[in-house]
*Asks:* 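Have a look at the structure that comes next, please.
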Amino acid sequence: LAIFRSYASKPNTITLPPSILLSHSETCLTVFDAFPKSIFHFLVIPRIQPPLSARHLTDLRSLLRCEKSTAKEVLMNLNEEANNVKKMIEEEMMKLYKFKWEIWMGFHPISSMEHLHLHVLSADLYSPKMKSKKHYNSFHPSLGFFLHLKDVLSWFDAVPSYYQRMIKLDASQYQSLLKDGDLCCWQCDRALESMPKLKAHLQDEFGKLTTREKAKLERKRKRTDVP
């Protein structure tokens with residue numbers, strides 16, 4: 001559970017194999033998610049550097065307890081690296097699928113891993129590794145458990161009372177989001193009875209997206225071919 005902390009503690013990333021490490025900067029490193037929940041799924045991890053210690057970077061809650069400007073600086077570094085990762089994902093999308101689709105960036109307020117990490121994943125939740133309702137709901141973009149990076153950054157510009165309320169990240173407030181309620185498609189909000197049915201539905205939704213995008217490309221090609 002502390003593997004991310006070991007990565008973040010390395011002064012030199014050369015010891016990390018390319019099967020783990022995608023990219024790195026002076027402040028962050030990006031690794032492949034070992035259990036991807038979308039077609040593309042990476043984790044951006046802040047490196048442990050003064051004035052912060054491993055304790056300050058345990059999770060999002062511990063970071064937000066730090067001095068406000070320090071916490072924001074860490075998040076902005078993550079944001080910069082995540083945007084670089086987004087560009088890489090989009091390049092791969094174009095190579096493999098000939099079109100791009102949305103990419104999400106966000107945190108989990110409660111994490112089983114011991115070091116802060118930002119999820120950067122394609123908006124499809126279409127993966128063999130997506131096996132449980134808990135997994136699915138933790139990445140559902142509008143359920144409330146997945147905290148979008150842009151929303152977390154917006155807390156810093158809010159009135160102080162709102163900021164203080166949001167950064168509490170009360171576990172009891174979020175736990176129920178993973179287990180309660182229906183299992184619903186994040187795109188059409190249709191309720192499905194089981195994970196196998198949801199996964200089949202998500203596969204169908206991605207198939208429809210692929211068909212639409214291929215049709216757009218074909219129409220564009222025909223317009224280009226007209227003399």
*Asks:* Starting from the C-alpha separation in whole Å, work towards a yes-or-no answer on side-chain hydrogen bond (donor to acceptor under 3.5 Å, both in side chains) for S154 and D151.
*Replies:* CA-CA 5 Å; S154 75; D151 293 335; 4.9 Å; no
*Asks:* When you measure from the side chain of D59 to the backbone of S111, do you find a donor-acceptor pair of N or O atoms at a distance under 3.5 Å?
*Replies:*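 Such a contact is absent between D59 side chain and S111 backbone.
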*Asks:* Can you measure from CZ (F156) to OH (Y163) and round to the nearest 0.5 angstrom?
*Replies:*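 Between F156 CZ and Y163 OH, I get 4.0 Å after rounding to 0.5 Å.
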*Asks:* What are the two closest heavy atoms between K131 and P128, and how far apart are they?
*Replies:* CE-O, 3.6 Å
*Asks:* Taking S122 for its side chain and S38 for its backbone only, find out whether a donor-acceptor pair lies under 3.5 Å.
*Replies:*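 It does not hold such a pair.
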*Asks:* So if you build clusters from Ile, Leu, Val, Met, Phe, Trp, Tyr with side-chain heavy-atom gaps below 4.5 Å, do V152 and F42 land together?
*Replies:*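 V152 and F42: one cluster.
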*Asks:* Give the minimum heavy-atom separation between M93 and E102, together with the two atoms involved.
*Replies:*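 So the two residues come closest at CE-O, 4.3 Å.
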*Asks:* Working to the nearest 0.5 angstrom, can you tell me the gap between L78 CG and E73 CD?
*Replies:* 11.0 Å
*Asks:* Ignoring hydrogens, what is the shortest heavy-atom contact between L177 and N137? Give both atom names and the distance.
*Replies:* O-ND2, 3.6 Å
*Asks:* CD1 of I14: more than 12 outside heavy atoms within 6.0 angstrom?
*Replies:* no
*Asks:* Could you check K95 against E92 for salt bridge (Lys or Arg N to Asp or Glu O under 4.0 Å), going step by step and ending with a plain yes or no?
*Replies:* CA-CA 5 Å; K95 286 179 186 176; E92 284 300 304; 3.5 Å; yes
*Asks:* Out of curiosity, L192 CG to H201 NE2, how far, rounded to the nearest 0.5 Å?
*Replies:*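 Separation between the atoms: 5.5 Å.
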*Asks:* With sequence neighbours left out, what residues match S138 under side-chain hydrogen bond (donor to acceptor under 3.5 Å, both in side chains)?
*Replies:* none
*Asks:* May I ask you to check whether over 12 heavy atoms, not counting those of K129, lie within 6.0 Å of atom NZ?
*Replies:*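 No, because the 6.0 Å sphere around NZ of K129 holds 12 heavy atoms or fewer from other groups.
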*Asks:* Can you tell me if CD on E80 sees more than 12 non-hydrogen neighbours from other groups inside 6.0 Å?
*Replies:* no
*Asks:* Please check if L60 and V31 belong to a single hydrophobic cluster, counting links between Ile, Leu, Val, Met, Phe, Trp and Tyr side chain heavy atoms closer than 4.5 Å.
*Replies:* no
*Asks:* Looking at Q49 and E26, what are the two nearest heavy atoms and their distance?
*Replies:*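 Closest approach of Q49 to E26, heavy atoms only: NE2-O, 2.6 Å.
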*Asks:* Just by modelled atom types, is the N79 backbone N or O under 3.5 Å from a matching donor or acceptor in the N83 side chain?
*Replies:*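 Checked: pair present.
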*Asks:* Taking K168's backbone N and O only, do any of them form a donor-acceptor pair with R61's side chain (distance below 3.5 Å, no angle check)?
*Replies:* yes
*Asks:* Assigning hydrophobic clusters by single linkage (Ile, Leu, Val, Met, Phe, Trp, Tyr; side-chain heavy-atom cutoff under 4.5 Å), is L16 placed with F4?
*Replies:* yes
*Asks:* With the 4.5 Å side-chain cut-off for hydrophobic clustering, are F139 and F107 part of the same group?
*Replies:* no
*Asks:* Does the ring center of H117 lie less than 6.0 Å from the ring center of H115?
*Replies:*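 Here the rings of H115 and H117 have centres that are no less than 6.0 Å from each other.
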*Asks:* So, W186 versus Y136, ring centres under 6.0 angstrom or not?
*Replies:* no
*Asks:* Is it the case that the ring center of H108 lies less than 6.0 angstrom away from the ring center of F145?
*Replies:*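 Aromatic pair counts; centres sit under 6.0 Å.
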*Asks:* Indicate yes or no for a side-chain donor-acceptor contact from D182 to the backbone of C184 under 3.5 Å, with no hydrogens or angles considered.
*Replies:* no
*Asks:* Just how far is it from atom CG of D33 to atom CD1 of I20, taken to the nearest 0.5 Å?
*Replies:*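 CD1 of I20 is found 12.0 Å from CG of D33.
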*Asks:* Are L57 and S62 close enough that some pair of their side-chain heavy atoms sits under 4.5 Å apart?
*Replies:* no
*Asks:* S127 side chain to P36 main-chain N or O, any donor-acceptor pair under 3.5 Å?
*Replies:* yes
*Asks:* What heavy-atom pair brings H119 and H41 nearest, and what distance separates the two atoms?
*Replies:* ND1-NE2, 2.9 Å
*Asks:* Sequence neighbours excluded, which residues qualify as side chain to side chain contact (heavy atoms under 4.5 Å, CB included) partners of A82?
*Replies:*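 By the side chain to side chain contact (heavy atoms under 4.5 Å, CB included) rule, A82 matches V44, M105, L118, V120.
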*Asks:* Decide yes or no on side-chain contact (heavy atoms from CB on, under 4.5 Å) for K100 and I89, but give the supporting numbers first.
*Replies:* CA-CA 9 Å; K100 296 183 289 187; I89 293 175; over 6 Å; no
*Asks:* Side chain of K133, backbone of L183: donor and acceptor closer than 3.5 Å?
*Replies:* no
*Asks:* Counting C-beta onward and ignoring hydrogens, is there a side-chain heavy-atom pair between L63 and H56 closer than 4.5 Å?
*Replies:* no
*Asks:* Any sub-3.5 Å donor-acceptor pair from Y174's side-chain atoms to G144's backbone N or O?
*Replies:* no
*Asks:* Rounded to the nearest 0.5 Å, what separation is found between the CG atom of L198 and the OG atom of S194?
*Replies:* 8.0 Å
*Asks:* Are M113 and F35 linked, directly or through other ILVMFWY residues, by side chains that come within less than 4.5 angstrom of each other?
*Replies:*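 No, it is not one cluster - the side chains of M113 and F35 are not joined through contacts under 4.5 Å.
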*Asks:* Does the pair R5 and T58 meet the rule for a side-chain contact (heavy atoms from CB on, under 4.5 Å), with working shown?
*Replies:* CA-CA 8 Å; R5 178 167 289 177; T58 298; 3.2 Å; yes
*Asks:* Hey, does the side chain of Q175 reach the backbone of I110 with a donor-acceptor pair shorter than 3.5 angstrom?
*Replies:*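 No, Q175 side chain to I110 backbone: no donor-acceptor pair under 3.5 Å.
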*Asks:* Please work out whether the ring planes of F206 and Y97 are parallel, tilted or perpendicular, with thresholds of 30° and 60°.
*Replies:*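 Perpendicular, since the angle between the ring planes exceeds 60°.
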*Asks:* Measuring from T13:OG1 to L21:CG, what's the distance to the nearest 0.5 Å?
*Replies:* 5.5 Å
*Asks:* Are the side chains of R47 and H24 in touch, meaning some heavy atoms are under 4.5 Å apart?
*Replies:* yes
*Asks:* Please confirm whether the backbone N or O of W104 pairs with a side-chain atom of H148, one donor and one acceptor, at under 3.5 Å?
*Replies:* no
*Asks:* Below 4.5 Å, heavy atoms only, C-beta onward: do C66 and L52 meet side chain to side chain?
*Replies:*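 Sidechains of L52 and C66: in contact.
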*Asks:* Search all heavy atoms of L125 against all heavy atoms of L121 and return the closest pair with its distance.
*Replies:*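 Smallest heavy-atom distance, with atoms named: CD2-CD1, 3.9 Å.
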*Asks:* List in chain and number order the residues that pass side chain to side chain contact (heavy atoms under 4.5 Å, CB included) with S25, two or more places apart in sequence or in another chain; answer none if no residue qualifies.
*Replies:* T27, C28, E81
*Asks:* Heavy atoms, side chains only, cut-off 4.5 Å: are L147 and L169 in contact?
*Replies:* yes
*Asks:* Is the NZ or CZ atom of K216 positioned over F99's six-membered ring, under 6.0 angstrom from the centre and within 45° of the axis?
*Replies:* no
